Amino acid sequence: MSRTSSRRLRLTAALGAATALALAGCSSSGSSSGGGVGFVTGKGGIATATPAKRVAAPDVTGTPLDGGGALKLSDYRGKVVVLNIWGSWCSPCRAEAKGLQETSEKYGDQVQFLGINTRDTDPANAVAFEKNFGVTYPSIYDPDGAEILKFPKGSLNPQSIPTTIVVDRDGRLAARAMRAMSAEDLQKMVDPVLAESK
């Protein structure tokens, strides 16, 4: 095989993989097993890790959708954090938005909610989404998924949008669900982590 043919074959394979990734986005049913990063998948597809098996969350950083100063996950160390990865183009994200907002209001200052908006090429679409659903907690704008890729292998499948992750007070990955969440299911993820001793 000539060098040119080999390059074309590799390019075709890479384009195929990129297309598959794009088409696989916005999945409400996570296909990943509970393996990796100490997670064990339980009832309802919610994966949890015991404190002894938890690993540190990456320090996700970025510009907030509201245009304020830089947001960093590490700024919330000492608090339980709910990270929600979403896109305005994603139907399951629309389905869960109201419940996420209601749950963030229920917990108030006890739990920090933080969104990571991904694959929105124009932040105006994400801002309109938040306005439409009354979302008041901050979101980092991450159009190319660079911040998502910081997560350790086995903790997050970038093809599964939405994904919700609970980070404990020590900044470690405690629970994860790679599907749209109801308010009731979200509380089942958060309450055990919130109940852990400070």
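Bear in mind that the values here come from a model prediction, so they are computed numbers and not experimental data. Basis for what follows: all heavy atoms, side chains included, without hydrogens, waters or symmetry-related copies.
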K.L.:
Hey, does Arg176 have a side-chain heavy atom less than 4.5 Å from the side chain of Thr163?
P.N.:
yes
K.L.:
Does the side-chain contact (heavy atoms from CB on, under 4.5 Å) test come out yes or no for Val82 and Ser104, once each step is laid out?
P.N.:
CA-CA 9 Å; Val82 173; Ser104 76; over 6 Å; no
K.L.:
If you round to the nearest 0.5 Å, how far is CD1 of Ile46 from CE of Met178?
P.N.:
12.5 Å
K.L.:
Do Ser91 and Arg94 get their side chains close enough for a donor-acceptor pair, meaning under 3.5 Å?
P.N.:
yes
K.L.:
Is it true that Trp86 and Ser139 share a donor-acceptor pair across their side chains at a distance under 3.5 Å?
P.N.:
yes
K.L.:
Please round to the nearest 0.5 Å and tell me the distance separating atom CD of Gln187 and atom CG of Leu194.
P.N.:
11.0 Å
K.L.:
Checking side-chain contact (heavy atoms from CB on, under 4.5 Å) for the pair Thr63/Leu71: CA distance, chi angles, key distance, verdict?
P.N.:
CA-CA 6 Å; Thr63 304; Leu71 281 175; over 6 Å; no
K.L.:
Are Val167 and Arg172 side-chain neighbours, meaning at least one heavy-atom pair lies under 4.5 Å?
P.N.:
no
K.L.:
Decide side-chain contact (heavy atoms from CB on, under 4.5 Å) for Phe113 and Thr164; before the verdict, give the C-alpha distance in whole Å, the side-chain angles of both, and the deciding distance to 0.1 Å.
P.N.:
CA-CA 10 Å; Phe113 278 62; Thr164 300; over 6 Å; no
K.L.:
Under 3.5 Å, is there a donor-acceptor pair linking the side chains of Asn84 and Glu96?
P.N.:
yes
K.L.:
Quick one: are Val81 and Leu73 in side-chain contact, heavy atoms under 4.5 Å?
P.N.:
yes
K.L.:
Got Leu65 and Glu130 here, is their nearest side-chain heavy-atom distance under 4.5 Å?
P.N.:
yes
K.L.:
For a quick test of reading the model, state the closest non-hydrogen atom pair linking Ala180 to Pro92 and the distance between them.
P.N.:
CB-O, 3.6 Å
K.L.:
Can you name the closest pair of heavy atoms from Leu100 and Tyr137 and give their distance?
P.N.:
CB-OH, 3.5 Å
K.L.:
Show, in sequence, the C-alpha distance, side-chain angles and deciding distance for Asp59 and Ser74, and conclude whether the side chain to side chain donor-acceptor pair (under 3.5 Å) test is met.
P.N.:
CA-CA 6 Å; Asp59 194 13; Ser74 61; 3.0 Å; yes
K.L.:
Identify whether the distance between the nearest side-chain nitrogen and carboxylate oxygen of Glu105 and Lys98 falls below 4.0 Å.
P.N.:
no
K.L.:
Heavy atoms only: give me the nearest Pro123-Tyr141 pair and the separation to one decimal.
P.N.:
CD-OH, 3.4 Å
K.L.:
What are the two closest heavy atoms between Pro162 and Cys90, and how far apart are they?
P.N.:
CD-SG, 3.8 Å
K.L.:
Is the closest basic N to carboxylate O distance between Asp170 and Arg77 below 4.0 Å?
P.N.:
no
K.L.:
Please find the pair of heavy atoms, one from Ala177 and one from Met181, that lie closest to each other, and give the distance.
P.N.:
CB-SD, 3.3 Å
K.L.:
Please report the closest heavy-atom contact between Glu196 and Pro51, naming both atoms and the distance.
P.N.:
OE2-CG, 4.0 Å
K.L.:
With distance as the sole criterion, is a donor-acceptor pair present between the side chains of Ser88 and Asp120 under 3.5 Å?
P.N.:
yes
K.L.:
Is it true that a side-chain atom of Ser182 and a backbone atom of Asp185 form a donor plus acceptor pair closer than 3.5 Å?
P.N.:
yes
K.L.:
Do Asn125 and Asp122 make a side-chain contact, defined as non-hydrogen atoms from C-beta onward lying under 4.5 Å apart?
P.N.:
yes
K.L.:
Is a donor on one side and an acceptor on the other found under 3.5 Å between the side chain of Thr118 and the backbone of Asp142?
P.N.:
yes
K.L.:
Is any side-chain heavy atom of Pro64 less than 4.5 Å from a side-chain heavy atom of Ile140?
P.N.:
no
K.L.:
To the nearest 0.5 Å, tell me how far Ile116 CD1 sits from Lys150 NZ.
P.N.:
9.5 Å
K.L.:
Is a donor from one side chain sitting under 3.5 angstrom from an acceptor on the other, for Lys79 and Gln110?
P.N.:
no
K.L.:
What's the separation between atom CZ in Arg179 and atom CD1 in Ile161, rounded to the nearest 0.5 Å?
P.N.:
15.5 Å
K.L.:
Please examine the side chains of Glu102 and Lys106, heavy atoms only from C-beta on, and report whether any two atoms are closer than 4.5 Å.
P.N.:
no
K.L.:
Quick one: are the ring centres of Trp89 and Phe129 less than 6.0 Å apart?
P.N.:
no
K.L.:
If only atom types and distance count, is the side chain of Arg54 paired as donor or acceptor with the main-chain N or O of Ala49 below 3.5 Å?
P.N.:
yes
K.L.:
Indicate whether the side chain of Tyr107 and that of Asp191 have a donor and an acceptor atom separated by less than 3.5 Å.
P.N.:
yes
K.L.:
Is a side-chain donor or acceptor of Glu147 paired with a backbone partner of Thr61 at a separation under 3.5 angstrom?
P.N.:
yes
